[in-house]
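Structure first, then comments.
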Amino acid sequence: MVELKIIVKTLKKPFPSLMFSILLGFSVSILILALTGYSPFEVIKSLLNGVFSKPKYISNVIIKSTPIILTGISVALAFKAGLFNIGAEGQFIAGSIASVAAGILFDLPAFFQILVVLFFGALFGALFGCLVGFLKSKFGIHEVISGIMLNWISLHICNFFVSLEMFHKPNSNNSFAIRETGYTDLKKSFSFLKNSSFSDILKTDINIGFFFAVILAILVAFLLNKTKNGYEIRAIGFNSKAAKFAGINIEKNIISVMLICGGISGLAASLTITGVSPHCVSILSGFENNGFNGLPVSLIAYNSPIGCIFSGLFFGILIYAGKSMQSELSTPSEIINIMIGIIVFFVSVAGIFPYLLEGIFKRRKKNE
Amino acid sequence: MLSRISSKFAVQMREIEKSFGFQKILNSFNIDVEKGSIHAVLGENGAGKTTLMNILYGICKADSGKIFLNGKLVNIKNSRIAIKNKIGMVHQHFMLIENFTVLENIILGNEITKKFGILDIKKARYQILEISNKYKLNVDLDAKIENISVGMQQRVEILKSLYRGADILILDEPTAVLTPNETIDLISTAKEFASENKTVVIITHKLNEIKSSSDVCTIIKAGKNIDTLNIRSTSQEELATKMVGRTFALAVEKNRTKAEFGETVLKIKNLNVENKKGILAVKNLSFKIRAGEILGLAGVDGNGQKELVEAIICGIKSKSGSIEICGKQIQNTSVQNVIKNGVSIVHEDRKKLGLILDFTVAENSIFSTYNLKLFSNKGILNMKAIHSFAEKLIENYNIKPQKCSEYLTKNLSGGNQQKIIIAREIASNPKLLIVVQPTRGLDISAALYVEKILMKERNKGKAILLVSFELDEIIKLSDTITVIYNGSIIKAFTQNNFSKNEIGVLMAGGGRTENYSKDA
């Protein structure tokens, strides 16, 4: 009985309850896989193999995770201000287009070329975010509505952009790639690994993006917790009415938060363009979910920017491992989405587990 | 001391235990409520009185213990069972649907229907009118809840319980927002009800009302039944001492250190303010407050107090007129500007407007002063300074638990939350302090503490605007008493020159006997 009390108490803390929910989510999704005829043992094995068996896989997971960590941070920051940044997807696309355009049109020495590409990506993402914030604070238009609309607008701008003669790579669905001076891959810096057992890392698109993501997470955490603006943002997110009566300018803060959020999503895009081949944008028939995946990443991290690094990596693992499962066990591709869905579900209801246990605890006490 | 279980008692609760988490709220609690009596449950905030009644009404379940109604053991698992057993409860915060009419609210959950589920409004109206006439519960059945006064809302809640056939009526802090006259009406309704061998249980921490309303009083402290007393043979001081557990004086020292008021701090002239619906809520209102003066604004809720206060702090726009702080016009500027000009406010609704409950105590302690260089330099918060500031406030104002600057504010009790706000607003050293319902929901010792602080600040030369719906509080603290009715100040009294009765009549609309709440 005493143990149960301790368990209940532990489960009320955020981190253990998160781990418990993820574990539970995994178990349930593996159970579902087992019910559809796949051996749970095989599933776990292929999951782990697909991610950890070769250094290359780990590197790929990190590369896949980088953009969703950043969009996760973007969503998390908006959440702190009480805003639902579903427009991260559109901000990401806007950032990609601007980065590709800048990467093709400018022709500067390597370092400056990279700066310019990143700057334009972040700028256009920020403009899209800012527009959402402006519409919200000036006209009271809900950020979800304008965000979704801007997602579609940017998707179609992207397709229009690729079709322009100036940017369209003939006989393909892609634009031209950006100039090589704009690449941010780190293959050269890691060339010392050539003769080691880690040499296969060099076959992946290893790039600087992840370091940017970590730095940004720390910066946003600092902004939120240690600065005056962060204080105002959190006050608005928790209780905008009280914030208003404390003299905080809500309109201005909403616009500036959305500007930063959009900038981060845009930067996620430009880091992908500069870091990962094919370094271009393609005609989109649907969304690629780099922005949308930021929503569950932020949710699992309980909207903590630092937490987004880990939940983003976790998400990267799921997405990447799903692909290896698909090829090894020929599971349908939907299965990994089901898995993600179940885990997100369990994380969002994590708060109820200690109370469920407490209920069992009490009932047992009564029966004694 | 315990009586035998018998049908003489409407409610008997035995050995009730209740914990939230690992905190014990009720500790083997016993209570007997006789049929046909008005029974007061008296206790400080957090003593467990509301929890006890919530258990009786089935809102929360006791961990152990038995409840007997009319001598029979009943397992009240949820409030539906409580209602079936003819228990009705009027909560401190009303559970009404704002944009439904009074009638719709009363029948909600107990609708009479004709064939095919069509509402039989006519029959319901007839039944409700019968009840309301019998108990003199005057309501306008077709008005929407959002348009009627708090007093009438309470009558709606009572009607709702009676309509469902309640024999046992639980009233949770019923007089918190009523005028003196409404309180008298409420008590007479309760007496009428009790005279039919029905039972009323009143939860309260107001001593003076118990005297006039109740027959028996159970004092609850830290989840235990301290004593059950016959009201007639007990003095107020005795009740207070038992409730708090130590003796203390109920009066507040009103002596002033300076005989004269200082210069005029707040001057309002011909102010007109519209409310959200575009109706003039403050009409041609003028008054001034001098340094070292507490001006009490007496009035029933909804007579323009909220709009007046919000207009002063520029939370809403004033239509015309002027508001001056020390000779400087501030109307229709910004909240920031008003704060900069030395105005501080303690809001009525501390949870919604005064605090951010998910912030730590330290973060809340700088909520109105975070722009100061001490707390934020070049945009970076100075955590060290903030914490030592919060710790100082916690110590000076005896905020409990000790050293709670890192606690989330929502984990503190209401009284301590209020202390944080008052401490922080006074620390910002304002010229004008606006306090709205400063002791609402506080227990006696916390309320007394707050009143003492206000007195101290007045003696230091602050101008204080006290807005309260409790006339006793206004009379106790104010140097000047003004009465607001329907957006205008009807009359002003100086400290030594008023009659409580006259104020009560003015608050209700200048002695008009018809229903004043409609046009309020």
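Quantities reported herein were computed from a predicted structural model and do not represent experimental measurements. Naming: A, B, ... by sequence-line order, numbering from 1 per chain.
Remark: side-chain polar atoms of Tyr231(A) are paired, donor with acceptor, to backbone N or O of Glu363(B) under 3.5 angstrom. Under the 3.5 Å distance criterion, the side-chain polar atoms of Asn239(A) are left unmatched by any main-chain donor or acceptor of Leu357(B).
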From CA spacing to verdict: side-chain contact (heavy atoms from CB on, under 4.5 Å), Ile248(A), Tyr370(B): CA-CA 10 Å; Ile248(A) 293 173; Tyr370(B) 69 93; 3.1 Å; yes
Check the pair Gln336(B) / Asn249(A) against side-chain contact (heavy atoms from CB on, under 4.5 Å), numbers first and verdict last. CA-CA 9 Å; Gln336(B) 286 106 312; Asn249(A) 188 335; 4.1 Å; yes
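Proximity to chain B (any heavy atom under 4.5 Å) is shown, for Tyr355(A), by neither the backbone nor the side chain. Residue contact with chain B, scored on non-hydrogen atoms closer than 4.5 Å, is absent for Leu223(A). Residue Asn225(A) touches chain B through its backbone alone, counting heavy-atom pairs closer than 4.5 Å. Of the atoms belonging to Ile380(B), heavy atoms from both backbone and side chain fall under 4.5 Å from chain A. The contact between Lys351(B) and chain A is made entirely by backbone atoms, counting heavy-atom distances below 4.5 Å.
Taking all atoms of both residues into account, the shortest heavy-atom contact from Leu355(B) to Ala242(A) is O-CB, 3.9 Å.
The residue among Asp349(B), Ile366(B), Asn337(B) with the most heavy atom pairs within less than 4.5 Å of chain A is Ile366(B). Top candidate by heavy-atom pairs under 4.5 Å with chain A, chosen from Asn371(B), Asn382(B), Ile386(B), Asn377(B), is Asn371(B). Most heavy-atom pairs under 4.5 Å with chain B: of the set Gly237(A), Ala243(A), Ala235(A), this distinction falls to Ala235(A). Your options are Lys226(A), Lys244(A), Glu232(A), Lys241(A), and the one with the most heavy-atom pairs under 4.5 Å with chain B is Lys226(A).
Within 6.0 Å of NZ on Lys306(B) lie no more than 12 heavy atoms contributed by other residues, nucleotides or ligands. Shown here is Phe128(A), whose CZ atom has more than 12 heavy atoms of other residues, nucleotides or ligands within 6.0 Å. For Tyr407(B), the OH atom sits in a loose shell: 12 or fewer heavy atoms of surrounding residues, nucleotides or ligands are nearer than 6.0 Å. Residue Phe20(A) qualifies as enclosed at atom CZ: its count of foreign heavy atoms under 6.0 Å is above 12.
Remark: Ser146(A) pairs with no residue by the side chain to side chain donor-acceptor pair (under 3.5 Å) rule, at least two apart or across chains.
Atoms CG and NZ, on Leu381(B) and Lys228(A) in that order, are 9.0 Å from each other to the nearest 0.5 Å.
No side-chain heavy atom of Ile345(B) sits under 4.5 Å from any side-chain heavy atom of Phe245(A).
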